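Numbered from 1 within each chain, the chains take letters A, B, ... in sequence-line order. Every value quoted in this text rests on a predicted model; they were computed, and no experiment measured them.
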Amino acid sequence: MSDALLDVRDLVVRYGTVTAVDHVSFTVDAGETLALNGPSGCGKSSTVAAVLQLRRPEGGEVRFEGRELTTLAERELRPLRPRMQPVFQDPYGSLSPRHRIRDAVAEPLKVQGRWNPADGPARVAELLDRVGLDPAYGDRFPHELSGGQCQRAGIARALASEPRLLVLDEPVSALDPSIRAGVLNLLTDLQDELGLAYLFICHDRAVVRHFADRAIEMRAGRLVTA
Amino acid sequence: MKSQSEPTSDVTPDVTSDVTSDVLLSVRDLRIAFDGVAAVRGLSFDVREREVLAVVGESGAGKSLTTRALLGMLPKGATTSGTVRLRGETDIAAQRGRRIALVPQDALSALSPVHPVGDQLAAAVRSVAGVSRKEARARAVSALDRVGIPDAVRKARAYPHEYSGGMRQRAVIAMATINEPDVVVADEPTTALDAELQEQVLRVLGEQREAVGAALVLVTHDLGVVREHADRVLVMYAGRQVEQGPTERVLARPRAPYTAGLLASLPPDAPESEPGARRRRLPSIPGSPPTPDALPPGCAFAPRCPLAEDHCHQEEPGSWTADAGHDVSCHRWDEVPYPATELFLEQPV
């Protein structure tokens with residue numbers, strides 16, 4: 001037994017006859033960063049999709065905050081989804097090009113029924129400020145921001161749901177080198193302040209060594225011992 | 001908004017004019033603009049025989065446009081001035097595929113999806129050499145074999161979608177080197193690949209370059225790649241050169257704050273640093289690189305530079321020689337500390 005925040009056991013993901021994830025098990029504790037790496041096609045993204053229940057796995061368990069997710073109906077999952085939020089690689093692709101930044105950040109609050117016109121805008125401004133963006137940027141569209149600013153907006157949007165776990169899928173690999181360190185520092189600060197747990201997908205070994213508490217590696221669908 | 005004519009451009013010394021005959025590719029005061037917006041603002045460099053020159057810069061630095069100018073394939077609507085000479089010749093487009101060739105970033109879109117890979121290589125051969133189809137096909141197969149594609153005879157008949165990402169990138173390297181060019185230009189050739197494939201592809205690129213005796217212009221944003229593979233490095237920022245010199249000198253003692261900041265912000269790649277050593281914040285460069293249509297006055301890096309003083313915000317720096325073959329464009333180049341860790345820690349957002 002474990003009281004890990006996320007406890008993945010014997011996860012299996014199959015596409016037809018292809019086994020993309022083959023009995024993978026790992027845990028992520030609250031406030032901890034677990035790096036998951038491996039070459040293209042090793043099953044990282046399938047693992048992430050199954051953890052987030054974006055795709056139901058063919059086998060195994062995904063326990064989050066002690067609840068087994070794979071057997072829950074979508075209706076039962078919905079209140080849990082805000083607590084595990086993804087941040088994607090492509091900062092522009094993860095925000096709608098037709099929504100202003102402030103609307104993108106407000107959207108989770110509205111969808112989750114937590115939007116209050118009286119203090120909602122102030123909450124959005126606070127979130128933008130928290131990720132190092134001038135709240136005035138809320139008026140802009142994603143294409144009017146740099147890649148790093150856009151990625152910060154994506155993080156602000158994820159934080160709006162008040163998650164306990166962020167699934168960071170190559171969050172800095174598409175960013176210019178001069179702004180990567182700033183985004184990594186932001187993630188470090190947020191973890192310290194909010195006690196967030198991170199499942200961190202990353203290719204760069206130096207970044208993993210710097211950023212992660214522990215690292216696991218996948219090859220051809222299986223975990224290998226590092 | 002910047003005008004295209006810059007008062008300081010005549011300060012830029014012709015840094016490599018003292019070096020003589022082994023210059024293959026020579027770029028002088030290259031300027032590229034679109035609708036009056038200057039994207040490349042006076043770039044000069046040489047590529048010598050068999051040398052590997054890394055061009056480092058981030059989005060908006062102008063490195064992709066520079067690459068295109070080297071190959072004579074600038075988009076329509078570009079206003080250019082300055083010269084690009086390949087062995088003295090200015091009509092680069094006529095030499096593309098023969099004396100100079102491109103390894104593009106995205107191998108999938110560089111290959112035709114509707115023709116077998118071998119046919120595409122053979123067509124590249126026949127576009128230059130008057131050889132039979134049979135001979136061209138044989139050369140295509142041996143080129144695929146040389147870049148480490150297993151079962152090259154069979155793979156030559158396969159289509160690009162039947163290749164893995166790494167194999168595709170090998171195939172475009174085979175295509176770029178098949179006519180034994182003098183210069184290979186590789187535009188971020190490994191950006192789309194994972195770490196292991198990056199190593200393999202760079203090794204293959206290096207081997208093929210050696211085999212055909214070509215020089216290599218390697219466009220990258222990865223300083224680790226520069227360290228491993230480049231003889232010289234040219235660092236670009238906002239359309240200009242900020243620093244150029246022998247790789248070991250530039251990386252060991254960067255003179256431009258931008259280069260120093262980039263190096264300082266890399267996570268330490270020391271094997272002894274254990275996971276979880278991360279509670280230390282990384283040094284980081286504040287802000288974002290400017291877009292060409294919104295360049296700040298003076299030095300383009302000044303708004304992000306912890307060393308900037310009034311002067312830097314007013315006047316664009318000229319070029320200074322820090323040591324032999326190592327040039328820098330920074331008003332305060334001789335005050336840049338190294339390592340610059342302290343300089344770039346805890347910058348206010």
Side-chain angles (χ1 to χ4, degrees), chain A residues 32-35 37-42 44 92 129-134 143-152 170 172-189 191-192 198 200-217 219 226, chain B residues 56-61 164-166 190-198 200 220-224 226 235 237 257-259 261-291 294 301 304 344-349:
Chain A
E32 178 191 47
T33 299
L34 177 73
N37 53 42
S40 300
C42 71
K44 299 188 299 281
Y92 295 102
D129 184 59
R130 187 61 209 82
V131 298
L133 278 182
D134 185 330
H143 72 267
E144 297 174 295
L145 300 189
S146 71
Q149 289 164 340
C150 230
Q151 194 61 300
R152 287 173 189 263
E170 301 268 6
V172 297
S173 28
L175 300 182
D176 277 321
S178 77
I179 54 187
R180 272 183 208 167
V183 172
L184 286 173
N185 285 343
L186 169 66
L187 290 169
T188 303
D189 292 349
Q191 186 167 52
D192 287 349
Y198 294 149
F200 180 60
I201 318 291
C202 183
H203 277 135
D204 186 323
R205 283 173 202 280
V207 170
V208 166
R209 259 197 301 268
H210 178 82
F211 189 72
D213 297 302
R214 293 186 294 127
I216 55 175
E217 189 169 329
R219 272 180 195 257
Chain B
V56 175
E58 41 199 342
S59 43
S164 70
T190 60
T191 303
L193 303 176
D194 66 43
E196 285 170 46
L197 284 179
Q198 285 184 12
Q200 288 176 19
T220 179
H221 58 245
D222 187 333
L223 289 170
V226 173
V235 183
Y237 190 80
Y258 174 60
T259 320
L262 279 184
L263 283 166
S265 65
L266 292 177
D269 194 12
E272 66 272 19
S273 70
E274 291 298 311
R278 72 200 168 81
R279 290 298 160 193
R280 278 167 289 134
R281 292 170 62 89
L282 288 168
S284 67
I285 301 177
S288 307
T291 51
F301 186 62
R304 307 178 69 191
F344 286 96
L345 267 179
E346 295 296 329
Q347 290 297 320
V349 177

With a 4.5 Å cut-off on heavy-atom pairs, point out which of Asp189(A), Leu184(A), Asp204(A), Asn37(A) contacts chain B the most.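 The option with the most such pairs is Asp189(A).
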If you tally heavy-atom pairs under 4.5 Å against chain B, which of Pro39(A), Gly38(A), Gly182(A), Gly41(A) wins? Pro39(A)
Taking C-beta and beyond as the side chain, do [X] and [Y] meet within less than 4.5 Å on heavy atoms?
X	Y	answer
Ser265(B)	Arg180(A)	no
Tyr258(B)	Ser178(A)	yes
Pro289(B)	Ser146(A)	no

From His203(A) NE2 over to Leu197(B) CG, what is the distance, rounded to the nearest 0.5 angstrom?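 Separation between the atoms: 8.5 Å.
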Just by distance, do the side chain of Asp176(A) and the backbone of Ser59(B) share a donor-acceptor pair under 3.5 Å? yes
Quick check: closest heavy atoms across Pro267(B) and Val207(A), and the distance to 0.1 Å? CG-CG2, 3.7 Å
